[in-house]
Amino acid sequence: MSTSVQIKQLTMVQAITDGMKAMLEEDESVLVLGEDVGTNGGVFRATEGLIELFGEERVIDTPLAESGIMGTSIGLSVNGFKPIVEMQFLGFIYPAFNQIMTHASRMRQRSKGRFTCPIVIRAPYGAGVKAPEIHSDSSEAMFTHIPGLKVVVPSNAYDAKGLLIASVEDPDPVLFLEPMRCYRSTKVEVPENKYTVELGKAEYVKNGEDVTLLTWGAMVGDVMKAVAPLEEKLGITCDVIDLRTLYPLDKDTIEESVKKTGRVVIVHEAPESGGLSGDIISVINDTSFFYLKAPIQKVTGFDTPVPVYSLEQEYLPSMEKIQYAVKTTLSY
Amino acid sequence: MSTSVQIKQLTMVQAITDGMKAMLEEDESVLVLGEDVGTNGGVFRATEGLIELFGEERVIDTPLAESGIMGTSIGLSVNGFKPIVEMQFLGFIYPAFNQIMTHASRMRQRSKGRFTCPIVIRAPYGAGVKAPEIHSDSSEAMFTHIPGLKVVVPSNAYDAKGLLIASVEDPDPVLFLEPMRCYRSTKVEVPENKYTVELGKAEYVKNGEDVTLLTWGAMVGDVMKAVAPLEEKLGITCDVIDLRTLYPLDKDTIEESVKKTGRVVIVHEAPESGGLSGDIISVINDTSFFYLKAPIQKVTGFDTPVPVYSLEQEYLPSMEKIQYAVKTTLSY
Amino acid sequence: MKMIDQFPIVQYINENGVFTQSEFEEEMTPALLQQLYEKMLRARLLDRKCIKLQRQGRLGTYAPFEGQEAAQVGSALALEEEDWIFPTYRDHAATLTFGHSMQNLLAYWVGRIEGSIPPEDKNIFPPAVPIASQILHATGVAWAEKKKGTNHVSLVYFGDGATSEGDFHEGLNFASVFNVPVVFFNQNNGYAISVPIEKQMKSKTIAQKGLAYDIPSIRIDGNDIAAVYIETKKAVERARSGEGPTLIEAVTWRYGAHTTADDPTRYRDQTESDSRRRTTDPLLRIETYLKNTNVWDEDWLSKIEDQISEEISGAVDNMEGMPKADIDDLFSHIFKDPTWQLEQQRKHHLAVKGGRD
Amino acid sequence: MKMIDQFPIVQYINENGVFTQSEFEEEMTPALLQQLYEKMLRARLLDRKCIKLQRQGRLGTYAPFEGQEAAQVGSALALEEEDWIFPTYRDHAATLTFGHSMQNLLAYWVGRIEGSIPPEDKNIFPPAVPIASQILHATGVAWAEKKKGTNHVSLVYFGDGATSEGDFHEGLNFASVFNVPVVFFNQNNGYAISVPIEKQMKSKTIAQKGLAYDIPSIRIDGNDIAAVYIETKKAVERARSGEGPTLIEAVTWRYGAHTTADDPTRYRDQTESDSRRRTTDPLLRIETYLKNTNVWDEDWLSKIEDQISEEISGAVDNMEGMPKADIDDLFSHIFKDPTWQLEQQRKHHLAVKGGRD
Ligand SMILES: Cc1ncc(C[n+]2csc(CCOP(=O)(O)OP(=O)(O)O)c2C)c(N)n1
Ligand SMILES: Cc1ncc(C[n+]2csc(CCOP(=O)(O)OP(=O)(O)O)c2C)c(N)n1
Ligand SMILES: [Mg+2]
Ligand SMILES: [Mg+2]
């Protein structure tokens with residue numbers, strides 16, 4: 001038998017299923033819990049087939065109660081299990097906010113490590129798929145402000161599986177956000193075996209010299225599309241960095257690229273005020289202030305809730321806005 | 001009878017009571033709701049005497065349920081009332097997070113103004129009073145990221161009354177944070193009549209030339225103490241700005257001062273990552289980038305939950321750290 | 001006594017179209033039943049149209065309610081003009097009956113804000129999307145009516161799944177403690193998406209949950225519009241006269257998918273829906289009763305079918321003819337007066353868009 | 001039947017020190033009752049000491065429990081070594097009895113993390129501060145025991161006020177649905193800070209809230225340690241043998257303030273506390289019983305009082321002799337491996353502090 005790694009072409013949602021399957025197989029303490037994750041295989045089919053393979057003691061349809069899911073998962077995790085919790089949409093995580101903010105994230109500190117909560121909270125998020133209202137929130141920055149919680153966002157199927165496995169193996173709670181727009185947008189090669197993508201490490205999606213674009217999730221594809229014509233027609237070359245982990249940010253990669261280019265565009269779909277762009281600018285201020293040649297440009301959502309879908313394309317960062325921001329940063 | 005305004009010497013908590021009293025008197029639709037706000041007069045005595053004056057139909061002891069308080073207040077506010085809701089401590093607001101994030105703040109948008117939620121949510125917050133654990137959270141930045149919600153923090157009794165009245169008169173939901181450390185730390189002159197302090201406007205607490213210090217709440221006093229010796233001994237003169245409203249930030253005042261000094265120190269007690277310093281740096285980046293002479297310095301809490309009180313003084317921004325930051329910004 | 005016996009399913013007209021609670025037969029005149037039938041038919045035809053439109057790509061994801069018409073129509077009709085209703089995403093039969101605009105209702109499912117906005121004189125809350133959260137709003141609104149000294153009431157819809165959320169509990173407790181004029185109208189359709197009620201709760205009834213709060217509860221046949229109408233009226237009258245909240249569990253069934261994005265064959269045997277259509281269907285029941293009592297009239301049926309079809313196509317045309325969503329709506333209703341951030345973002349947005357659209 | 005009659009207060013030893021449920025008199029031997037008395041006395045003397053220390057500025061704000069000793073001690077003793085308990089900020093009599101370190105318990109009230117950390121072999125959760133949130137943790141922990149196939153159980157403490165929170169409802173429902181081995185132990189002391197139970201709920205009992213979930217419930221005299229001990233044992237055995245959760249409402253009274261920062265005279269007549277001391281006090285009841293049965297022994301009493309006083313002063317000394325809180329504790333237990341932010345913040349902190357301390 002050869003040792004060569006089997007490769008499959010998978011969508012992001014399939015890669016996520018694959019990652020959960022790998023961990024359920026390897027580690028008996030891993031559980032999957034949530035609304036409709038069992039028989040139905042999840043409203044996005046992310047848990048498809050898992051209950052058949054692992055049974056309803058490990059893949060659990062819970063009552064409709066997010067605080068209940070989160071709170072009991074805290075108990076399960078303290079007492080030896082590793083729950084992978086699905087919040088059906090990020091917009092429905094808020095009833096569980098107290099349990100996340102006050103308990104899951106503080107348990108290790110409150111007990112000096114005696115009790116810990118190795119929980120992964122998965123949640124589809126973001127706009128652009130014409131979902132009904134309240135289904136498209138992008139509130140990741142609220143969670144990066146919760147000490148004791150890591151926040152991860154993959155932009156592609158390969159990372160999704162590797163980051164998910166790393167999150168399950170992480171000894172602390174991780175919020176794992178899944179950009180709905182990426183769920184089925186494309187298939188990429190994903191190894192069949194288990195592998196991890198390290199938390200806390202950003203990735204250069206492409207390299208350039210003139211401007212650094214910092215982004216994550218569904219915006220990575222948009223940014224790549226937006227910079228292509230700039231590169232081809234105007235010869236503007238860009239570093240495009242997929243941050244992948246939003247807490248802790250990969251300071252070193254950000255610093256390295258900003259020191260090279262001196263020009264930065266941050267792209268995210270959450271509202272500008274309170275959005276993660278603030279934190280990123282803060283990190284750049286701390287590490288690379290004197291290298292900046294121009295004010296940092298932001299392409300973000302507005303200070304509004306994500307609108308109903310007739311307006312969501314207006315709300316989302318557009319190609320034009322990204323290009324405009326790149327040009328603006330070069331105009332100084 | 002003279003028209004001269006009566007002045008009283010009040011602590012901040014008394015000024016807050018005074019503000020509620022003024023509004024309860026003036027406007028029949030104003031209600032006060034919360035846990036222990038009636039007979040007990042609130043655990044900090046902020047509602048002391050109100051139930052005697054206005055009766056239990058208007059000053060209401062509710063069951064112990066934050067989501068319930070917030071959710072029913074949404075209904076009350078849509079249907080003609082102006083609830084002033086007390087969350088007993090900011091650390092206990094999280095069970096109400098869904099109602100605030102998804103409903104109170106979005107009602108106007110979701111109905112194009114047909115339904116609105118003029119609610120004031122009062123909450124004592126911050127560390128430094130040796131409160132039991134979980135009682136000292138400083139999570140204001142999570143709320144500045146909620147579109148549709150304003151966030152206000154007074155630093156003294158005069159502002160507290162004026163800002164509170166302005167908040168009650170505001171047609172939209174306002175989170176009104178009361179720094180526990182300031183509740184009884186000092187008395188200042190407070191007019192007996194009704195007056196407002198405009199939301200969205202910062203205040204110069206003192207003027208200087210060399211460095212801009214941006215802060216709010218209990219930190220204002222600390223900053224003033226910290227800069228006094230710098231000024232006296234080293235001749236470093238400072239703008240100390242009390243932001244007062246955290247959303248919307250007073251961009252113009254920040255810009256004006258930063259353009260003058262070119263050097264900035266931001267002081268807050270919330271954790272650094274995700275803290276409001278990010279937003280402030282972002283505003284400075286947008287408005288005054290080319291005026292900055294040095295990286296912006298931050299004196300903040302750590303990326304940790306507010307610790308139990310044996311460690312809270314270590315956690316809180318100290319005089320030394322503020323002075324260190326001022327000197328650092330001047331070292332460039 | 002077992003709970004399930006303590007809360008028997010109250011029925012007025014049984015599956016054979018026979019009035020079993022004869023004292024109400026007088027109130028439920030054939031004319032009234034025809035009117036109720038017409039409202040149910042109107043809702044059902046709209047629901048079917050929506051599914052068609054969704055399949056044609058003319059609506060987005062849609063949440064159908066076919067099978068639940070009696071529960072929604074009967075309860076909505078039990079209210080008076082100035083009362084309030086709090087629908088979920090699935091309660092179009094109720095909102096339509098209570099006076100929501102059909103055009104706006106359709107607009108909701110093409111992602112238009114207008115969808116959430118009722119006619120000026122109708123107290124209809126925007127549909128609740130986060131499960132159970134509206135139970136508190138209904139309680140608060142009704143509490144306000146009580147404080148104002150009116151006799152208007154709230155009626156709030158929620159599903160079997162919603163009873164698991166903390167907000168259900170807090171809402172019932174507040175209503176109980178403050179003796180608020182609200183009717184908690186549960187549509188127990190046996191499923192929360194794929195989760196059957198047996199996995200949602202161990203209790204055999206939802207009605208028994210009222211016992212925790214000393215709230216009078218009743219379990220009714222939600223497919224029997226006579227039972228729904230009269231029992232809701234009673235609850236509404238209790239509320240109106242200051243006697244406080246009532247919990248109604250209307251046992252019903254959703255024939256179709258949770259939403260058009262859902263595939264019910266994954267989690268339940270759809271033959272149950274087929275057999276229920278033939279046995280417990282709310283429209284069929286009235287049809288049978290009217291036939292039994294010789295009031296049924298095929299001409300009348302085809303006349304109202306035509307009227308309804310016409311109304312629906314008109315509404316669809318109007319909805320599809322709506323001017324494009326206004327970009328200003330993004331910025332104008334966040335606060336009464338936009339903050340500088342909103343002004344600036346709006347300006348930047350329009351500037352970058354330029355002449356694009 | 002009225003709820004209040006459906007849930008009568010179960011009592012074993014009445015206020016006159018008479019065993020009213022004689023079948024348990026054999027199990028509750030005088031020796032056992034002496035032991036229970038001693039545990040209650042130990043808790044009470046510690047509680048009084050804490051209030052004194054707080055007045056002297058040697059403890060911070062403190063939450064006293066005097067009056068609730070029977071409820072806490074009796075229930076904690078009904079558990080086995082490997083079971084789990086989930087206390088609130090007021091359940092020191094329970095945690096102490098279950099084996100928490102007295103020194104750490106004191107340390108909690110000088111703001112030390114150590115306060116939340118039980119001895120290695122004791123499954124005691126950090127005290128819950130946000131009301132009712134621990135009910136879910138207890139359910140999750142017990143669920144884990146069930147999944148592991150052990151027969152350990154959880155017992156969770158919460159107050160009358162806590163029943164209003166959504167987490168109470170969600171916890172009971174999860175426990176019911178998954179048939180989890182957890183005992184929900186409610187101490188109904190009639191007040192949530194200043195809010196009397198009549199404003200907290202309209203229902204006359206807390207026990208009846210179990211009906212919503214088909215969870216067996218019982219209402220007991222929480223000041224009768226025999227009733228508490230035996231009824232909790234029954235519930236624990238039910239849980240242990242796979243029969244699922246039980247809700248126990250232990251009706252009790254807190255003589256003193258909510259915390260040392262609270263002034264109960266603002267919201268209740270303190271003479272009620274005085275009269276309760278003379279009538280329903282949990283220690284007095286055992287004393288009377290032991291006197292009635294001629295087992296009471298003043299020498300024994302003064303011996304154990306001395307022992308306890310000594311233990312307490314030792315614990316106070318140890319607590320006050322603890323090395324200063326370690327700054328590293330601020331940074332070291334946020335994540336297993338500190339992030340760069342934490343490293344950097346720690347370094348900066350120590351650098352700026354310099355030799356200061
Ligand atoms: C807080 C929250 N969690 C999850 C969801 C996703 N969701 C939408 S409908 C639904 C099931 C609701 O079931 P039920 O209350 O029985 O109402 P039904 O759809 O059957 O009418 C779920 C889980 C949501 N909308 N809100
Ligand atoms: C979520 C939350 N809200 C408010 C508080 C403030 N608070 C602390 S104790 C308490 C009353 C609790 O009453 P009860 O549950 O009856 O317990 P008791 O104190 O009587 O033992 C309140 C409101 C809190 N700790 N957590
Ligand atoms: Mg349902
Ligand atoms: Mg109590």
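Every value quoted in this text rests on a predicted model; they were computed, and no experiment measured them. Just so you know, these numbers use all the heavy atoms, side chains as well, and skip hydrogens, waters and symmetry mates. Quick note on labels: first sequence line is chain A, next is B, and so on, each numbered from 1.
Taken from CG in B:N285 to OG in A:S282, the straight-line distance is 11.0 Å, to the nearest 0.5 Å. Atoms CD and OG1, from B:E133 and A:T102 in turn, are 10.5 Å apart once rounded to the nearest 0.5 Å. Distance check: A:D286 CG to B:I281 CD1 gives 6.5 Å after rounding to the nearest 0.5 Å.
Residue contact with chain A, scored on non-hydrogen atoms closer than 4.5 Å, involves the backbone and the side chain of B:M142 alike. When heavy atoms are compared at a cutoff of 4.5 Å, A:I93 does not approach chain B at all. For chain B, no part of A:A96 is nearby; none of its heavy atoms comes within less than 4.5 Å. For A:Y94, the parts lying under 4.5 angstrom from a heavy atom of chain B are both the backbone and the side chain. Residue contact with chain B, scored on non-hydrogen atoms closer than 4.5 Å, is absent for A:F92. There is no contact between A:L249 and chain B, counting heavy-atom distances below 4.5 Å.
Residues of residues 260-278 of chain B placed with any heavy atom under 4.5 Å of a heavy atom in chain A are listed by number as B:A270, B:P271, B:E272, B:S273, B:G274, B:G275, B:G278.
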For residues 325-332 of chain A, which side-chain N or O atoms pair as donor and acceptor with protein atoms under 3.5 Å away, sequence neighbours left out?
residue, atom, partner, partner atom, Å
A:T328, OG1, A:Y324, O, 2.6
A:S331, OG, A:T328, O, 2.6

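With a 4.5 Å cut-off on side-chain heavy atoms, B:R106 and A:I134 count as touching.
Considering all non-hydrogen atoms of both residues, B:F290 and A:A294 come closest at CZ-CA, 4.4 Å.
Interface summary for chain B: among A:D137, A:I146, A:T144, the most heavy-atom pairs under 4.5 angstrom belong to A:D137.
In A:K130, the NZ atom is not crowded: 12 or fewer heavy atoms of neighbouring residues, nucleotides or ligands sit closer than 6.0 Å.
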